[in-house]
Protein chains: 2
Amino acid sequence: MSRTAARGAETRARILGIAQDAILQKGFDATSIEEIVAAAEITKGGFFYHFPDKSALARALIERHIEIEDEIFDGLWARARELNDDPLHSALIGFRLLAEMLADMPNGHPGCIVATAAYQDRLFDAAVRDLNRRAVLGWRARFRAIFDEIAAVYPPREEIDLDALADMVSTVVEGGIVMGKALGEPHMIVGQILLFRQFVKQAFQPPLH
Amino acid sequence: MSRTAARGAETRARILGIAQDAILQKGFDATSIEEIVAAAEITKGGFFYHFPDKSALARALIERHIEIEDEIFDGLWARARELNDDPLHSALIGFRLLAEMLADMPNGHPGCIVATAAYQDRLFDAAVRDLNRRAVLGWRARFRAIFDEIAAVYPPREEIDLDALADMVSTVVEGGIVMGKALGEPHMIVGQILLFRQFVKQAFQPPLH
DNA sequence: GGTATGGTGTACCGCCGGTACGGAAACTCT
DNA sequence: AGAGTTTCCGTACCGGCGGTACACCATACC
């Protein structure tokens, strides 16, 4: 990569970082391009060279966000597997680790870009909506695999829709973020995840006696 | 009420109706005042007579939304009580009625104004955020009372945080709406509510044998 | 050393939220 | 019944934002 190309890539990365911080804090629409370019110390011309429009910025952010989130989940569940090889117990550990991670965030979860886009989807183009869809389907597949493993070892006490169960992880996370924002209690999502964990435990674990 | 006052109230109601439809379909920020006044066949001067700013419109919409939603829940749980006097069974019927109601909506739940405001709260003032908070706390109180009744008759098989459980109704609904929008499957919320219902059943109902 | 290419700045457009103010109709009081 | 007030809405305008058009400069390559 040449020196000019390297400078351009650096500028692009700086825009993405500043935009992500601002958007997670204030929402996509409340974040103006002008304030982004001011913080990045460039001008609108520079911005629109890297991104043809604001939707392209959203696309890039969502792609990056999905990658980072996947890495986080990978890391969490890898650690959980290390701690316990049983699929149910390691999943329960994974949910607890997830809850702890969220609890350790001083200001709560910064918000999910996917949800931000979902609630303002008319602002975005079809490509953003499709990215969003694929992200959610990715989460479904991830947790569906986990619950499949569990169900193979621990037959659920009642028939249960494993796709719906996998989706519920995302539902509780997204809903918890919304509720936390509405309540002004960003950590309420922790309790919701722990409660979901308890449901999973009760759904698969045989009665103790 | 005089004739002019009646005309003003009619205009105001027309603005609210048009704004609600547009906002639930496109999001708050994507709905311009200009398109609202065009649809209502008035001008901006007329709009800003009824609402000092866009936040005031949001306040009025949220207040109306909360009232309507409360009435819906009241109606649903009243019917559920008619059908079964037992607190657990009537609650389970209530959740099923809720799921059926959502399933009957051809385009899915139109979206929750509370969540819309939560994800764009920088656009609104403190009064809107406070309204939002009180709405969520109202839902918590409503379902907490229901679960208290259940717990008095059916001691949960495991200790359970009843406030978190009450909040989870809202979490699943809000999360389900977000997920439905992201997936383009507006009815996925139905499965999520039925799954939550199953969890409630398993948490309180003693094992069959 | 000229020239394509990558990267940035400047000037401008149209739309939107919001303000200021004017004016017509309806209501009120005498 | 007529004058003044209130209710309700229109017109004209401002500043900020997303976006476009295009000029400009530095580097890379021949």
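Every chain is numbered from 1, with letters handed out A, B, ... down the list of sequences.
Rounded to a whole Å, the CD1 atom of A:Ile36 is 18 Å from the P atom of D:dG16. The separation between A:Glu41 atom CD and C:dG7 atom P is 19 Å, rounded to whole Å. One atom, CZ of A:Arg14, and another, C1' of C:dG7, lie 12 Å apart when rounded to the nearest Å. Distance, B:Phe51 CZ to C:dT19 P: 15 Å, rounded to whole Å.
Considering only side-chain N and O atoms, A:His50 lies nowhere under 4.0 angstrom from the phosphate OP1 or OP2 of C:dG6. The phosphate of D:dT11 (OP1 or OP2) has no side-chain N or O of B:Thr43 nearer than 4.0 angstrom. The phosphate of C:dT8 (OP1 or OP2) has no side-chain N or O of A:Tyr49 nearer than 4.0 angstrom.
Checked against B:Glu10 for a salt bridge (Lys or Arg N to Asp or Glu O under 4.0 Å), the options B:Arg7, B:Arg12, B:Arg14 give a single hit: B:Arg14.
Using a 4.5 Å cut-off on side-chain heavy atoms (C-beta onward), B:Trp139 and B:Val173 make no contact. Here the side chains of B:Ile62 and B:Val128 are in contact, with some heavy-atom distance below 4.5 Å.
Taking the six-membered ring where the residue is Trp, the centroids of A:Phe143 and A:Phe73 are separated by under 6.0 Å.
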With B for base contact, S for sugar-phosphate-only contact and - for none (protein heavy atoms under 4.0 Å), nucleotides 17-25 of chain D reads SBBB-----
Could you give the side-chain donor-acceptor pairs of residues 85-93 of chain B under 3.5 Å, partners two or more places apart or in another chain?
{"residue": "B:Asp86", "atom": "OD1", "partner": "B:Tyr154", "partner atom": "OH", "Å": "2.8"}
{"residue": "B:Asp86", "atom": "OD2", "partner": "B:Leu88", "partner atom": "N", "Å": "3.0"}
{"residue": "B:Asp86", "atom": "OD2", "partner": "B:His89", "partner atom": "N", "Å": "2.9"}
{"residue": "B:Asp86", "atom": "OD2", "partner": "B:Tyr154", "partner atom": "OH", "Å": "3.2"}
{"residue": "B:Ser90", "atom": "OG", "partner": "B:Asp86", "partner atom": "O", "Å": "3.2"}
{"residue": "B:Ser90", "atom": "OG", "partner": "B:Pro87", "partner atom": "O", "Å": "3.2"}

Show me, pair by pair, the donor-acceptor contacts under 3.5 angstrom made by side chains of residues 32-42 of chain B, not counting sequence neighbours?
{"residue": "B:Ser32", "atom": "OG", "partner": "B:Glu35", "partner atom": "N", "Å": "3.1"}
{"residue": "B:Glu34", "atom": "OE2", "partner": "B:Lys44", "partner atom": "NZ", "Å": "3.2"}
{"residue": "B:Glu35", "atom": "OE1", "partner": "B:Lys26", "partner atom": "NZ", "Å": "2.9"}
{"residue": "B:Glu35", "atom": "OE1", "partner": "B:Ser32", "partner atom": "N", "Å": "3.2"}
{"residue": "B:Glu35", "atom": "OE2", "partner": "B:Lys26", "partner atom": "NZ", "Å": "2.6"}

